[in-house]
*Asks:* 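One structure follows; several queries about it will come next.
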Amino acid sequence: MRRGLGRGHSLIVIGAVLALISVPLAWRKAGGIVLDVSTDWGFDGGGLVMFVAAALMLILVVLPYTTETRRFVLDRPLAYAALMVVAVGGLVLALADVVGGDEEYSLMPLDAPGLWLAILAMAITTWGVLELLAERPPPP
């Protein structure tokens with residue numbers, strides 16, 4: 001029976017919550033002084049994939065606490081690793097869309113706080129998944 005979250009699960013929760021917070025923030029900004037300001041957010045393309053994967057990671061952390069035995073069949077490090085790969089893949093797709101666009105976007109942290117927060121969130125989530133993969137399995 002698992003008593004607490006543990007380091008890996010805690011890092012995953014922190015990273016997933018930061019990823020969810022990053023999506024409604026600005027991910028890129030174009031224009032300004034002469035042109036109209038054009039701002040995009042994370043619900044476009046790959047950001048939506050990252051959002052869904054982060055939400056599923058949170059659900060996967062909480063789900064074992066809804067049972068009496070505190071065990072759930074999908075609460076395994078490989079399930080978290082698969083969701084992390086999907087989330088990071090969504091972030092990479094979003095980055096490719098931002099960098100490969102026709103317009104000149106400002107990616108400075110003050111102009112694109114959501115993008116930078118998403119990158120930080122995925123780094124923390126990856127750290128948490130690596131912690132889970134390095135843990136010894138609990139005794140049966």
Side-chain angles (χ1 to χ4, degrees):
M1 173 158 65
R2 187 169 53 173
R3 294 184 183 196
L5 274 181
R7 187 173 178 174
H9 286 96
S10 297
L11 288 169
I12 289 172
V13 166
I14 292 169
V17 167
L18 288 177
L20 294 177
I21 292 171
S22 74
V23 174
L25 298 175
W27 279 43
R28 58 185 174 181
K29 178 181 172 184
I33 298 172
V34 177
L35 301 172
D36 291 335
V37 176
S38 171
T39 305
D40 290 334
W41 57 334
F43 279 116
D44 298 330
L48 184 61
V49 173
M50 185 194 71
F51 179 83
V52 171
L56 288 174
M57 277 189 247
L58 282 177
I59 290 170
L60 198 55
V61 168
V62 172
L63 212 49
Y65 292 99
T66 63
T67 64
E68 288 183 21
T69 62
R70 303 274 192 234
R71 293 185 186 264
F72 185 67
V73 70
L74 291 178
D75 187 26
R76 302 279 185 257
L78 289 180
Y80 291 101
L83 287 172
M84 187 233 8
V85 167
V86 170
V88 170
L91 180 62
V92 168
L93 286 175
L95 281 172
D97 184 41
V98 168
V99 175
D102 294 338
E103 296 184 49
E104 292 292 324
Y105 286 100
S106 172
L107 300 179
M108 297 301 292
L110 291 177
D111 293 333
L115 179 65
W116 290 97
L117 187 59
I119 292 169
L120 176 67
M122 287 300 102
I124 293 171
T125 303
T126 302
W127 180 16
V129 169
L130 291 175
E131 288 281 337
L132 282 183
L133 291 171
E135 282 180 1
R136 292 185 181 165

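Remember, it's a predicted structure, so these values are computed and weren't measured experimentally.
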*Asks:* Under a single-linkage definition using a 4.5 Å side-chain heavy-atom cutoff for Ile, Leu, Val, Met, Phe, Trp and Tyr, are L58 and V86 assigned to the same hydrophobic cluster?
*Replies:* no

*Asks:* Do you know the tightest heavy-atom contact between L83 and A53?
*Replies:* O-CB, 3.7 Å

*Asks:* What are the two closest non-hydrogen atoms of L20 and A54, and how far apart are they?
*Replies:* CD2-CB, 4.1 Å

*Asks:* Taking atom CG of L117 and atom CD1 of I21, what is their separation to the nearest 0.5 Å?
*Replies:*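 Taking CG in L117 and CD1 in I21, the distance rounds to 7.0 Å.
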
*Asks:* From L78 CG over to M84 CE, what is the distance, rounded to the nearest 0.5 angstrom?
*Replies:* 10.5 Å

*Asks:* In the single-linkage hydrophobic clustering (I, L, V, M, F, W, Y; side-chain heavy atoms under 4.5 Å), do I124 and V13 co-cluster?
*Replies:*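 Shared cluster, yes.
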
*Asks:* Mind checking the CE-CH2 spacing from M122 to W127? Nearest 0.5 Å is all I need.
*Replies:* 15.0 Å

*Asks:* Using the side chain to side chain contact (heavy atoms under 4.5 Å, CB included) rule, pick out the option among V129, L133, L130 that qualifies with P77.
*Replies:*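 Considering V129, L133, L130, a side chain to side chain contact (heavy atoms under 4.5 Å, CB included) with P77 is found only for L133.
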
*Asks:* Which pair of heavy atoms, one from S22 and one from M50, lies closest together, and at what distance?
*Replies:* OG-CE, 3.7 Å

*Asks:* Could you tell me the separation between the CZ atom of F43 and the CH2 atom of W27, rounded to the nearest 0.5 Å?
*Replies:*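 F43 atom CZ to W27 atom CH2 measures 10.0 Å (nearest 0.5 Å).
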
*Asks:* What are the two closest heavy atoms between M57 and Y80, and how far apart are they?
*Replies:*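 That closest heavy-atom pairing would be O-CE2, 4.1 Å.
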
*Asks:* What is the minimum heavy-atom distance between L115 and L95, and which atoms define it?
*Replies:*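 Smallest interatomic distance, heavy atoms only, reads CD1-CD2, 3.5 Å.
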
*Asks:* Distance check, rounded to the nearest 0.5 Å: F51 atom CZ versus L56 atom CG?
*Replies:*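 It comes to 10.0 Å.
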
*Asks:* Side-chain heavy atoms under 4.5 angstrom apart, residues restricted to Ile, Leu, Val, Met, Phe, Trp, Tyr: same cluster for I59 and V49?
*Replies:* no

*Asks:* At their closest point, which heavy atom of V61 faces which heavy atom of I12, and how far apart are they?
*Replies:* CG2-CG2, 4.2 Å

*Asks:* Going from CG on L120 to OG1 on T125, what distance comes out if it is rounded to the nearest 0.5 angstrom?
*Replies:* 9.0 Å

*Asks:* Do V62 and I14 sit in one hydrophobic cluster, given that two such residues count as connected whenever their side-chain heavy atoms are within less than 4.5 Å of each other, even indirectly?
*Replies:* no

